[in-house]
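Worksheet: the structure to be examined is printed underneath.
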Amino acid sequence: MKISFAEPSLPKSGALVLGVPGGNKLGIVAKEVDKATDGALTRALKHSSFEGKAKQLLDVVAPAGLALSRIVLVGLGKEDLSEKEQADMGGRVFAHLAGVSEKTASVAVDFGGKDQRGMATQIAFGAQLRSYQFAKYRTKKRPLKKHSLSALTISVKGAATARRAFGALSKVADGVFFTRDLVSEPPNKLYPATFAREVRKLTSLGVKVEVLGEKQMAKLRMGSLLGVGLGSRRESQLVVMQWNGGPKTRKPIAFVGKGVTFDTGGISLKPPAGMGDMKWDMGGAGTVSGLMKAIAGRKSKANVIGIIGLVENMPDGNAQRPGDIVTSMSGQTIEVLNTDAEGRLVLADALWYCQDRFKPRFMVDLATLTGAIIVGLGHEFAGMFSNDDTLSERLSAAGETTGEKVWRMPIADAYDKMLNSDIADMKNIGGRDAGASVAAQFLQRFTNKVPWAHLDIAGMAWSNKTDDTVPKGGTGYGVRLLDRLIKDHYER
Ligand code: BES
Ligand code: MN
Ligand code: ZN
């Protein structure tokens, strides 16, 4: 779908979308259109229950007097919408137009309160995000019907400003789509080496990409990460991405992702029901990769490190056993009592490596880490655990603006104690209680006191229902959130 911006003028064909702030008051363009159609809008309003409430839609098909296929009135509910509400509206408009097989459409933005250009930009962003499809594995036998909409024009006064702002946001959407693609891929196609190969392609955007194999990781003594991959025929990989958009002297910020390309649980095998979901156990790594694509695409002025630990967790004659003790890169030993608590083992070495090599201002890790966080927060918030209030507050704020929300959860010494082992420095599981906090506590032992936040995205990486800007499937959660965090605080 091609998205463009233009100065206000009435389209000659296709669909025209108009916003109604509420109370059935028509805007300037709407009044003009009403006149040109001999009152078609006034009549349609009179005979419908549409009142301009948020999320209401009124479709006036083929009005006389104009060569348009339809006029769609969209309820806004109020004048001033938040960015998220604006993008959501864009997503809903896209879905409606695609649903009625419209090919070209124009949204006339003469609403949106103080900042109509911002409104136009977000509508475009939302429409683009909603248009995502993962069609790769649908063959001619059962092809996925492609969206009909090929051109969407947003008309607004001062279109150039909106066009420029959207230029950057469409790069963010590219990043989100990259994450969704990675998360959607099946585990026989996407495994550590092929994942690394996809990430290497970011080189063309100016991202520096290094891929470490098992030999190199063994040299670095990453016994914790490597233990997880022992049962797999696929070689584990650690991918290091660097984007240097800021001055050389500025310390980088860092993002670390769990990339378990398939999690069977290992010898502590998971039950069969729902195991297929564990193809998206690389969601954290997917988000970090998408984030790097987004910030490189929009040429962010920040210095950003992305590190992803890629492993496949399989049972096998060579697999790690419950009871094994591994030595992590930090030198700390870990008694692996449950091979299904593998994400923390991967992140332990990735986090340690990150702070050791890059001395970042902070680290944020993302991981589909625990089922417990889904019990606690469902699919509305990612769980956030942090040793730093400033970082937490900034993440919460970015979550509110983008709609990719986080909720801070506790870490505490009492949870940390649950990890003490009789014969090693720690165990990789606590008891049944507070599973998400205990997991966070485990990670904290590998942060070396660097400001850090852990986002448990187990409930967020995948969705079984379509949302305004997120079709069901891989969500790309976190790319918008972290792009916003960087944009608001780390580009100066
Ligand atoms: N990848 C899972 C967590 C998960 C569960 C993600 C459901 C998404 C949906 C993780 O590796 C895991 O197995 N965690 C265990 C930890 C337990 C053994 C301490 C869990 O949550 O049950
Ligand atoms: Mn697991
Ligand atoms: Zn896992």
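Whatever order the structure lists ligands and atoms in, that order sets their numbers, starting from 1.
- For ligand 1 and Thr368, the ligand atoms under 4.0 Å from any heavy atom of the residue are 1 (N), 2 (C), 3 (C), 6 (C).
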Subject >> From CA spacing to verdict: salt bridge (charged side-chain N to carboxylate O under 4.0 Å, His left out), Glu235, Lys215 >> reply: CA-CA 10 Å; Glu235 189 186 352; Lys215 250 199 178 145; over 6 Å; no
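- Scanning the protein for heavy atoms near atom 12 (C) of ligand 1, the closest one is Asp340 O, 3.2 Å.
- Comparing heavy-atom distances from atom 14 (N) of ligand 1 across Leu369, Val346, Val260, Asp456 singles out Leu369 as nearest.
- Here is the list of ligand 1 atoms found below 4.0 Å of a heavy atom in Glu342: 11 (O).
- A distance of 8.0 Å separates CG of Leu269 from OG1 of Thr339, quoted to the nearest 0.5 Å.
- Inclusion of Asp263 in the set of residues having an N or O under 3.5 Å from an N or O of ligand 1 is warranted.
- Here the closest heavy-atom approach between residue Asp388 and residue Ser386 is recorded as N-OG, 3.0 Å.
- Checked by distance only, ligand 1 and Gly371 come closer than 3.5 Å through their nitrogen or oxygen atoms.
- Residue contacts with ligand 1 do not include Asp277, since none of its heavy atoms lies under 4.0 Å from the ligand.
- Every atom of ligand 1 with a heavy atom of Trp280 under 4.0 Å away is listed here by number and element: 8 (C), 9 (C).
- The shortest separation from a heavy atom of Trp462 to ligand 1 is not under 4.0 Å, leaving the residue out of contact.
- The Zn ion (ligand 3) lies at 2.8 Å or more from every N, O or S atom belonging to Asp340.
- Between the Zn ion (ligand 3) and the N, O or S atoms of Glu342, the shortest distance is to OE2.
- For the atom pair CZ of Phe177 and OG of Ser131, the computed distance is 4.5 Å after rounding to the nearest 0.5 Å.
- Heavy-atom distances between Ile374 and ligand 1 reach below 4.0 Å in at least one pair.
- Using a 3.5 Å distance cut-off with no hydrogens or angles, the side chains of Gln355 and Thr447 do not pair a donor with an acceptor.
- For atom 19 (C) of ligand 1, the closest heavy atom belonging to the protein is Ile429 CG2, 3.6 Å.
- Remark: Lys405 NZ to Met384 CE distance equals 13.5 Å, nearest 0.5 Å.
- When rounded to 10 degrees, the angle formed at the Zn ion (ligand 3) by OD2 (Asp281) and OD2 (Asp263) equals 90°.
- Residue Lys258: an N/O/S atom is found under 2.8 Å from the Zn ion (ligand 3).
- At a cut-off of 2.8 Å, Asp340 is counted among the residues with an N, O or S atom near the Mn ion (ligand 2).
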**OP:** Could you check Arg480 against Asp483 for salt bridge (charged side-chain N to carboxylate O under 4.0 Å, His left out), going step by step and ending with a plain yes or no?
**Re:** CA-CA 5 Å; Arg480 286 196 263 173; Asp483 174 76; over 6 Å; no
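- The shortest separation from a heavy atom of Arg344 to ligand 1 is under 4.0 Å, placing the residue in contact.
- Close contacts between ligand 1 and Lys258 involve ligand atoms 1 (N), 10 (C), 11 (O) [criterion: under 4.0 Å to a heavy atom].
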Original post:
Do Phe178 and Leu202 pass the side-chain contact (heavy atoms from CB on, under 4.5 Å) test, and can you show the C-alpha distance, the side-chain angles, and the key distance before you say yes or no?
Top reply: CA-CA 10 Å; Phe178 185 41; Leu202 299 182; 4.1 Å; yes
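- Salt-bridge annotation for Lys136 and Asp181: absent, with no side-chain N of the basic residue lying under 4.0 Å from a carboxylate O of the acidic one.
- Nearest heavy-atom pair across Leu337 and Asn428 is N-OD1, 2.9 Å.
- When rounded to 10 degrees, the angle formed at the Mn ion (ligand 2) by OD2 (Asp263) and OE1 (Glu342) equals 90°.
- Of the residues listed (Phe362, Phe446, Phe385, Phe442), the one engaging His454 in a ring pair (Phe, Tyr, Trp, His ring centres under 6.0 Å) is Phe385, and it is the only one.
- Residue Lys270 has at least one heavy-atom neighbour below 4.0 Å for each of these atoms of ligand 1: 12 (C), 13 (O).
- Scanning the protein for heavy atoms near atom 7 (C) of ligand 1, the closest one is Met278 CE, 3.7 Å.
- Salt bridge present: Lys258 and Glu342 bring a charged side-chain N and a carboxylate O closer than 4.0 Å.
- In this structure, Arg130 forms no cation-pi arrangement with Phe94, as its terminal cationic atom is not both closer than 6.0 Å to the ring centre and no more than 45° off the ring axis.
- On a distance-only criterion, Asn338 and ligand 1 share no N/O pair closer than 3.5 Å.
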